[in-house]
Amino acid sequence: MSTRQFAYGAVAALCILSLTWYTLKPGAEWTKSVSFADGEVVLDPSGIDFSGKVDFGKYRYRDIIPVEELHLEDPTRRVIIVGDIHGMWKPFQELMNKVDYNSEKDILFHVGDVIAKGTDSDKVLKWLIDHNIRGVRGNHDQKVIGWRIWQDWVEAVPGGKQWLKRVEKFTHSEFTSQQVKHKESKADKMHRKQFAFPDDRDWVWSSEHYGIARKLTHEQYEYLLNLPLTISFPGMKTHLVHAGILPHQLKEEKPDPWSLLNMRSVLSSGAVSRKFDGTPWTELFNHYQQSGEDAKKEDREAVVFGHAAKLGLQVERWTLGLDTGCVYGRELTAVVINGGDVDAVDVNDTGHGRKVHVGNTTGRLWNVDCKAP
Ligand SMILES: *[C@@H]1O[C@H](CO)[C@@H](O)[C@H](O)[C@H]1NC(C)=O
Ligand SMILES: *[C@@H]1O[C@H](CO)[C@@H](O)[C@H](O)[C@H]1NC(C)=O
Ligand SMILES: [Mn+2]
């Protein structure tokens, strides 16, 4: 089987698979509304139907940034895209200084995973909010969002707040231990069932993400909720996504969120994997963009992403991976774009300020060194 056949086979299989995911994922809408007052969640007086399922995703799918907003024709203005920050406040600020970020002239975007793992998630979030910075949701941002939705839900239900107080002191192993479960009152046994959260590795009781979620201000929570899964820049023929996206998913109105937040490779079965155990999605994506007739050239699109710290900087013609593992003591990287000449890219240049393709334009890479927390 040729690579090309494989690529198309994989893409076709994915269409089927994403349908299966929809039926498996807990996605039923929580149609009840809650409102906020003094940081407390209070019930909407219109009443709540507790029989519904909670939507732990609250996904926004796509933002489109019109070409006029980018000012690509103005040599004094720039579009900057920064890789996974993960609460690494100091290197983030160093990088902003190094590229001489000017909030009046430059437009900054991030590729998600702005929080968790590093020590200063709060400072990073505050700065992003203060500077009105847009970006996409990462899988770590999503874990925090999911927990916050769960916490707000539990507290909004009668008896939930008191129950949460009782169980919040448990570590993960205590919370899940048979001994603790055995000793619980009948009412608490019922609460545990009533407030069940998804049983998978993204939901770890008493985790760092749980704690960050608990401490988010309403403004910070709203900022995270408003991060879309993808941002499209038709003016540069480029899209932002946290982990990855396949060509057919670019055309879908609501592509499967889990793949966009977690994808690293695609198995020969067509399933998307969060590990590097299949064909890297970037290989399929670049192959798809490069195949086909000249007539298709106008339609070629690129993706800028993060998430793959293990592989580090990934420069290919139609994909650019910016997660260079800052939180693991490596570097924080940004690409700085101001409407360059595509033909002038030296594909063998590995030096600092290296020029790279970004869709139908170019940018230069900048980075700073990081110290693991
Ligand atoms: C990139 O494509 C967009 C949309 O077709 C177009 O408006 C823009 O001029 C192109 N940029 C370059 C540098 O060719
Ligand atoms: C880049 O390096 C490769 C392998 O060393 C070489 O074949 C190619 O000619 C080089 N390309 C440029 C543009 O220098
Ligand atoms: Mn990630």
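Whatever order the structure lists ligands and atoms in, that order sets their numbers, starting from 1.
- Put simply, the side chain of Leu128 reaches to within 4.5 Å of the side chain of Val114, judged on heavy atoms.
- The proximity of Glu298 to ligand 1, defined as any non-hydrogen pair under 4.0 Å, does not occur for either the backbone or the side chain.
- Residue Asp113: an N/O/S atom is found under 2.8 Å from the Mn ion (ligand 3).
- Taking a cut-off of under 4.0 Å to the non-hydrogen atoms of Pro234, the atoms of ligand 1 that pass are 3 (C), 4 (C).
- Cation-pi geometry between Arg148 and Tyr210 is not satisfied (NZ or CZ under 6.0 Å from the ring centre, within 45° of the ring normal).
- The Mn ion (ligand 3) has no N, O or S atom of Asn262 inside 2.8 Å of it.
- Nearest N/O/S atom of His307 with respect to the Mn ion (ligand 3) is recorded as ND1.
- Gln142 and Arg137 form a side-chain donor-acceptor contact under 3.5 Å, judged by distance and modelled atom types alone.
- Side-chain polar atoms of Thr282 and Thr319 form no donor-acceptor pair below 3.5 angstrom.
- Polar contact check, Asn360 against ligand 1: a nitrogen or oxygen pair lies under 3.5 Å apart.
- Between the Mn ion (ligand 3) and His140 there is no N/O/S contact shorter than 2.8 Å.
- A donor and an acceptor atom, one from each side chain of His307 and Asp84, are nowhere located under 3.5 Å apart.
- Those atoms of ligand 1 that come under 4.0 Å of a heavy atom in Lys237, given as number and element, are 2 (O), 5 (O).
- Summarising the geometry, atom NE2 belonging to His86 is positioned 6.0 Å from atom CG belonging to Asp323; distances are rounded to the nearest 0.5 Å.
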